[in-house]
Protein chains: 2
Amino acid sequence: MTHSTAHDSHHHAHDWAQLLRGRGLRATAQRMAVLEFLHDHPHSDAETVFQAIRPALPTVSLQAVHLIVQDLSGKGLIRRISLPDSASARYETRIEDNHHHIQCIHCGRIEDVDCVVGHAPCLEPDDTHGMRIIEASIVFRGICQDCDALINQQAKEKP
Amino acid sequence: MTHSTAHDSHHHAHDWAQLLRGRGLRATAQRMAVLEFLHDHPHSDAETVFQAIRPALPTVSLQAVHLIVQDLSGKGLIRRISLPDSASARYETRIEDNHHHIQCIHCGRIEDVDCVVGHAPCLEPDDTHGMRIIEASIVFRGICQDCDALINQQAKEKP
DNA sequence: TATTTATATTGAACTACTAAAAACAACTGC
DNA sequence: GCAGTTGTTTTTAGTAGTTCAATATAAATA
Ligand SMILES: [Mn+2]
Ligand SMILES: [Mn+2]
Ligand SMILES: [Zn+2]
Ligand SMILES: [Zn+2]
């Protein structure tokens with residue numbers, strides 16, 4: 001069996017295999033499928049990844065996805081994000097920078113937010129309580145334009 | 001039965017009862033115990049609160065604590081905090097200001113951090129993606145002095 | 001290609017939390 | 001103070017997300 005599928009031509013070929021081996025991990029179809037999907041669909045949870053890669057890998061299990069995202073997070077190939085309110089953890093392949101997130105409290109839509117002023121002022125809190133800061137995770141919460149319009153419309157209809 | 005117990009003299013009496021009634025909630029022993037404990041032990045999770053108030057209220061249930069923290073959060077009497085890594089939600093009575101948190105990734109210790117520059121610059125991300133920001137929750141993560149010393153010592157012992 | 005060993009699968013368990021019905025107790029008004 | 005009303009708690013069960021342990025599988029290595 002060769003590696004080329006109909007999918008491969010659609011996007012720049014990320015050499016997930018090489019990336020995995022570079023970290024001492026075996027390049028399995030499951031891991032590459034998870035990486036590929038997360039690259040195209042950042043901020044997905046384990047269940048979403050599982051459902052998405054299932055058609056191509058019929059024998060894959062949800063437990064495997066959990067194992068994989070845990071291993072990949074541990075090796076720094078993906079980042080685990082936990083958002084207030086959503087019970088499940090999200091994952092993304094964008095790990096080069098320390099970026100943050102903004103979420104609509106109405107529809108749950110998540111977007112990336114670059115570090116606040118560029119040079120991570122967020123890494124300099126007022127009082128560190130003697131701690132050496134390693135990172136800051138910021139989650140902005142608000143309402144997106146679509147939901148805002150929707151809410152305004154509903155308010156107009158039933159006042 | 002009067003309200004005075006051995007505990008009451010130790011700290012300023014917070015009138016939790018009045019606070020609860022002011023929000024249209026009944027002043028039950030369980031709710032007051034939860035408020036009292038969270039006031040003295042901020043950033044506790046439901047299980048911790050449950051174990052702590054159990055001696056004084058032997059019939060209290062963990063489910064009741066979950067219900068209570070949910071109700072109190074809903075009425076704005078306490079704040080729910082979710083931290084990366086810790087599966088369970090934490091609660092605190094400090095709700096007057098929009099403060100943030102710093103956590104040691106080694107021992108889990110949590111401290112309060114005042115809003116970064118005072119006037120919530122955290123509420124002004126670079127790109128809002130069209131969203132109207134309502135709040136920002138920042139969790140700084142680092143290593144506390146104790147753990148730092150411990151880690152350095154271990155490194156010295158086994159090099 | 002055979003061997004080794006990491007990884008995936010399977011099935012079960014665990015934790016945080018929620019739901020529904022019944023028992024209880026805080027407020028209301030007498 | 002006492003009974004009635006109704007909000008809360010208790011009890012019992014259930015769910016979602018995740019982890020664990022044993023076995024099966026397949027990627028790397030020779
Ligand atoms: Mn992101
Ligand atoms: Mn706090
Ligand atoms: Zn929205
Ligand atoms: Zn520490």
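Below, chain A is the first sequence line, B the second, and so on; all start at residue 1. The figures here come from the full heavy-atom set of this structure, side chains too, leaving out hydrogens, waters and symmetry mates.
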Is it the case that the side chains of A/H39 and A/H41 hold a donor-acceptor pair, with the cut-off being a distance below 3.5 Å and no angle test?
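Side chains of A/H41 and A/H39: no pair found under 3.5 Å.
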Pair B/R90 + B/E92, salt bridge at N-O below 4.0 Å:
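Here B/R90 does not pair with B/E92 in a salt bridge, since their nearest N and O are not under 4.0 Å apart.
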Does the distance from a Lys or Arg side-chain N to an Asp or Glu carboxylate O, for A/R31 and A/D71, drop under 4.0 Å?
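So A/R31 pairs with A/D71 through a salt bridge.
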Quick one: are B/V139 and B/I81 in side-chain contact, heavy atoms under 4.5 Å?
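Answer no - side chains too far apart.
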Can you find a side chain N or O atom of [X] that sits less than 4.0 Å from OP1 or OP2 on [N]?
| X | N | result |
| --- | --- | --- |
| B/T28 | D/dT9 | yes |
| B/S61 | D/dT9 | no |
| A/Q30 | C/dT9 | yes |

Quick one: does A/Q63 reach the base of C/dG11 with a side-chain donor-acceptor pair under 3.5 Å?
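Between C/dG11 and A/Q63, which were checked side chain against base, a qualifying N/O pair under 3.5 Å is present.
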For the side chain of B/R26 and the base of D/dT6, is some donor closer than 3.5 Å to an acceptor across the two?
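Indeed, a donor on one side and an acceptor on the other fall under 3.5 Å apart.
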Let me know, please, whether B/S88 or B/A27 comes out on the 5' side of the other along DNA chain C by nearest nucleotide.
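Whichever sits nearer the 5' end wins; that is B/S88.
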Round to the nearest Å and state the distance from [X] atom [atom1] to [N] atom [atom2].
| X | N | atom1 | atom2 | result |
| --- | --- | --- | --- | --- |
| B/D71 | D/dT9 | CG | P | 7 Å |
| B/L20 | D/dT8 | CG | C1' | 12 Å |
| A/I68 | C/dT9 | CD1 | P | 7 Å |
| A/L57 | D/dT25 | CG | C1' | 14 Å |
| B/L67 | C/dT18 | CG | C1' | 9 Å |
| B/Q70 | D/dG7 | CD | P | 17 Å |
| A/L25 | D/dA28 | CG | P | 10 Å |
| B/H66 | D/dG14 | NE2 | P | 18 Å |

For the pair B/H129 (side chain) and A/D112 (backbone), establish whether a donor and an acceptor sit closer than 3.5 Å, ignoring hydrogens and angles.
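Here the side-chain-to-backbone pair exists.
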If you look at every strand shown and take non-hydrogen atoms under 4.0 Å, does B/A29 touch a base, only sugar-phosphate, or nothing?
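Touches nothing.
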By the 4.0 Å heavy-atom rule, please label A/R90 as base, sugar-phosphate, or nothing.
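Since no nucleic acid heavy atom lies under 4.0 Å of A/R90, the category is nothing.
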